[in-house]
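Report on the following structure.
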Amino acid sequence: KSYAAFGQLSWRPQSLDERFELTGGIRYTKDKKRMTLENANAGVPDPTNGTDSISFDNVSFLVSASYQFTPDILGYAKVSTGYKSGGFNPRAPGLTDPDGSFAGLNSFKPEKLTSYEAGLKTDLLDRRLRINLAAFYSSYKDLQVAQFASGTGGASTLLVNAGKAEFKGVELEMTALPVRGLTL
């Protein structure tokens, strides 16, 4: 089960310049997960059988500023956070305590992201040429990745937390309409 509440508000302060806009947003998420593992083994009790549950809370936000330099050129910068819920690996075996009792299911943590982006969006030459340019930097905590695992029951793919990761780059997108009916 997943529950969320969110809101976003944009403001153009007339006292500064009506071409300037600030936007803020916030989201609260609550995730609850429950999984039951049952190994059908001809009625023989199996210590890896059991039910486990976990829950996660997260608050994400967005803050952005944009400026409309001309009717055809917009500049922007934003900072935002994101979240992907943790969970269970249903193909992984249950875990047992040293006494042989059920200890819990194989789980993974939520993934969290902080992202920074700045760029320009343009529509030029009577909207016949669009050029968008963005630079970005993304920092992940507990990045979720698929990992190949083999065990006594065969091979499977599990989601695991890889730790921290960073992605950065520049993106350029261009669209041109040089003649009627042709888009490049």
Interatomic spacing from [atom1] in [X] to [atom2] in [Y] - rounded to 0.5 Å:
X      : Y      : atom1 : atom2 : result
Leu9   : Thr23  : CG    : OG1   : 8.0 Å
Thr36  : Phe88  : OG1   : CZ    : 9.0 Å
Arg27  : Leu62  : CZ    : CG    : 12.5 Å
Leu158 : Gln147 : CG    : CD    : 6.5 Å

Quick one: do the [X] and [Y] side chains pair a donor with an acceptor below 3.5 Å?
X      : Y     : result
Asn58  : Ser60 : yes
Tyr76  : Glu21 : no
Thr122 : Asp72 : no

N/O donor-acceptor pair under 3.5 Å between [X] side chain and [Y] backbone:
X      : Y      : result
Glu111 : Gln144 : yes
Thr81  : Thr114 : no
Asn161 : Lys109 : yes
Asp123 : Arg130 : no
Lys33  : Gly86  : yes

Could you check whether any side-chain heavy atom of Asp142 comes within less than 4.5 Å of a side-chain heavy atom of Phe108, counting everything from C-beta outward?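 They are not in side-chain contact.
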With a 4.5 Å cut-off on side-chain heavy atoms, are Tyr28 and Val59 touching?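 Yes, at least one pair of side-chain atoms sits under 4.5 Å.
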same_hphob_cluster([X], [Y]) at 4.5 Å side-chain heavy-atom cutoff:
X      : Y      : result
Val63  : Phe20  : no
Phe167 : Tyr116 : no
Ile131 : Tyr67  : yes

Minimum-distance pair of heavy atoms, taken over all atoms of [X] and [Y]:
X      : Y      : result
Ala146 : Leu159 : N-CD2, 4.0 Å
Leu120 : Gly75  : CD2-CA, 3.7 Å
Val170 : Phe136 : N-CE2, 3.9 Å

What verdict does the side chain to side chain contact (heavy atoms under 4.5 Å, CB included) test give for Leu177 and Leu125, after you've listed the backbone C-alpha separation in whole Å, the side-chain angles of each residue and the deciding distance to 0.1 Å? CA-CA 10 Å; Leu177 305 168; Leu125 304 175; over 6 Å; no
What verdict does the side chain to side chain contact (heavy atoms under 4.5 Å, CB included) test give for Ser55 and Lys30, after you've listed the backbone C-alpha separation in whole Å, the side-chain angles of each residue and the deciding distance to 0.1 Å? CA-CA 7 Å; Ser55 63; Lys30 171 81 173 177; 3.8 Å; yes
Within a 6.0 Å radius of atom NZ on Lys32, are there more than 12 heavy atoms belonging to other residues, nucleotides or ligands?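 At most 12 heavy atoms, drawn from other residues, nucleotides or ligands, come within 6.0 Å of this atom.
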Considering only NZ, NE, NH1 and NH2 on the basic side and carboxylate oxygens on the acidic side, decide whether Asp126 and Arg128 come within less than 4.0 Å.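 Between Arg128 and Asp126 there is no salt bridge, as every charged N stays at least 4.0 Å from the carboxylate O atoms.
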